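Residue numbers start from 1 in every chain, and the chains themselves are labelled A, B, ... in the order their sequence lines are given, proteins ahead of strands. What you see is a predicted model; the values in this text were computed from it and never measured.
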Protein chains: 2
Amino acid sequence: MYIEIDFESSEAIYEQLCNQIILGIAKNMIREGESLPSVRAMAEQVGVNMHTVNKAYNVLKEDGFLSVDRRRGAVVYVDKEKITALRELKRDLTIALAKASCKNISRAEVHALIDEICEDYK
Amino acid sequence: MYIEIDFESSEAIYEQLCNQIILGIAKNMIREGESLPSVRAMAEQVGVNMHTVNKAYNVLKEDGFLSVDRRRGAVVYVDKEKITALRELKRDLTIALAKASCKNISRAEVHALIDEICEDYK
DNA sequence: TCCCTGTTATAGTTTTATTATAACAGAGAG
DNA sequence: CTCTCTGTTATAATAAAACTATAACAGGGA
């Protein structure tokens, strides 16, 4: 699980961590039941403070991607509760598609892009 | 152009403004060439400071949704430059679809959701 | 006992968002 | 010309969020 932080980005470090871990799960680079590095190890690995990693792990726990316990650390355990996931997806897509629509990106182009991106997830 | 700000939201006010204006353009509620209220008028209308509105207008200008001039104010003028728009769309979709994939939302469900959302944009 | 784990607490710094005033220059209307 | 509207700029203050720095605690495993 290689994680790269862009310290120049306007995106918060803990958000970058969350996103890259979610990407790692989607791409099957880290599998259900496996553990992430401890907060201290991950912090040292990417060069940030322990609390920043802890915040990321807790957000992921809150969003149902991890299960944290004292013994095994942050374990990938995805809660497949679809209702809220769908609601969130719709919210994200609504604004992204509005921008695309303004820029004359066709619905077909969007569908094609979706398929292209989904190739990496299975 | 009715705009509603959720002051409880964790989303920044200027971002809410940007998103709602983009939605307004996508939904054809405000058309190319039309003007938005002046920064002062909009600020009073939604109950925030002038500078917050000014920031939103400038972000939208930067992103190619508005053209601001001293006489006519913030005019809807969408720069249809597709390359950067596509790049940004891909970035947005990449993380949204990763989350969806983790939650076992199928590609077909995503396509259906896209079509549903796009119904409002034409 | 020692070491690793997550967790909590406290404090300080930095950055961002927001507000508050104020002023300036350009354009249009009277 | 004067008045009033526009966006723009400057300055300052406040509030919140993000990040870091130390430190300590409790639980589990070797």
Q. By side chain to side chain donor-acceptor pair (under 3.5 Å), which residues pair with B:N104, not counting sequence neighbours?
A. none
Q: Would you please name every residue forming a side chain to side chain donor-acceptor pair (under 3.5 Å) with A:N49, sequence neighbours left out?
A: A:H51
Interatomic distance, [X] [atom1] vs [N] [atom2] [rounded to whole Å]:
X: B:N58; N: D:dT6; atom1: CG; atom2: C1'; result: 14 Å
X: B:L66; N: D:dG7; atom1: CG; atom2: P; result: 11 Å
X: B:E44; N: D:dC5; atom1: CD; atom2: C1'; result: 14 Å

Q: For DNA chain C, note the earliest and the latest nucleotide, 5' to 3', having some atom under 4.0 Å of a heavy atom belonging to chain B.
A: C:dA17 to C:dG28
Q. Could you give all pairs that pass the salt bridge (charged side-chain N to carboxylate O under 4.0 Å, His left out) test and reach residues 94-110 of chain A, with sequence neighbours left out?
A. A:K99-B:E88, A:R107-B:D115, A:R107-B:E119, A:E109-B:K82
Q | Residue pairs fulfilling salt bridge (charged side-chain N to carboxylate O under 4.0 Å, His left out) with at least one residue in residues 45-65 of chain B, sequence neighbours excluded | A | none
**Q.** Co-members of the apolar cluster containing B:V75 [side chain, <4.5 Å]
**A.** none
Q) Quick one: on DNA chain C, does B:E15 or A:S38 contact a more 5' nucleotide (nearest heavy atom)? A) A:S38
Q | For DNA chain C, the residues among residues 47-57 of chain B that have a non-hydrogen atom under 4.0 Å from it | A | B:V48, B:N49, B:M50, B:H51, B:T52, B:K55
(Q) Return whichever of A:R71 or A:E11 has its heavy-atom-nearest nucleotide of DNA chain D closer to the 5' end. (A) A:E11
(Q) Heavy-atom nearest nucleotide on DNA chain D for B:A41 versus A:Y14: which residue maps closer to 5'? (A) B:A41
Pairs under 3.5 angstrom, nitrogen or oxygen only, protein versus nucleotides 2-4 of chain D, please.
none

(Q) For B:E32, is the CD atom crowded, meaning more than 12 foreign heavy atoms sit under 6.0 Å from it? (A) yes
Q: Using a 4.0 Å heavy-atom cut-off across all strands, classify B:R72 as base, sugar-phosphate, or nothing.
A: nothing
(Q) How close do B:F7 and B:G47 get, counting heavy atoms only, and between which atoms? (A) CZ-O, 4.0 Å
Q) Of all residues at least two apart in sequence or in a different chain, which pass the salt bridge (charged side-chain N to carboxylate O under 4.0 Å, His left out) check with A:E34? A) A:R31
Q: Just jot down the salt bridge (charged side-chain N to carboxylate O under 4.0 Å, His left out) partners of A:K122, sequence neighbours excluded, or say none.
A: none
Donor-acceptor pairs under 3.5 Å, side chain of residues 19-27 of chain A to any protein atom, not counting sequence neighbours: which ones?
| residue | atom | partner | partner atom | Å |
| --- | --- | --- | --- | --- |
| A:N19 | ND2 | A:E11 | OE2 | 2.8 |
| A:Q20 | OE1 | A:E4 | N | 3.3 |
| A:Q20 | NE2 | A:E4 | O | 2.4 |

(Q) Please list all pairs meeting ring-ring contact (aromatic ring centres under 6.0 Å, His included) that have one or both residues in residues 102-122 of chain A, counting only residues at least two apart or in different chains. (A) A:H111-B:H111
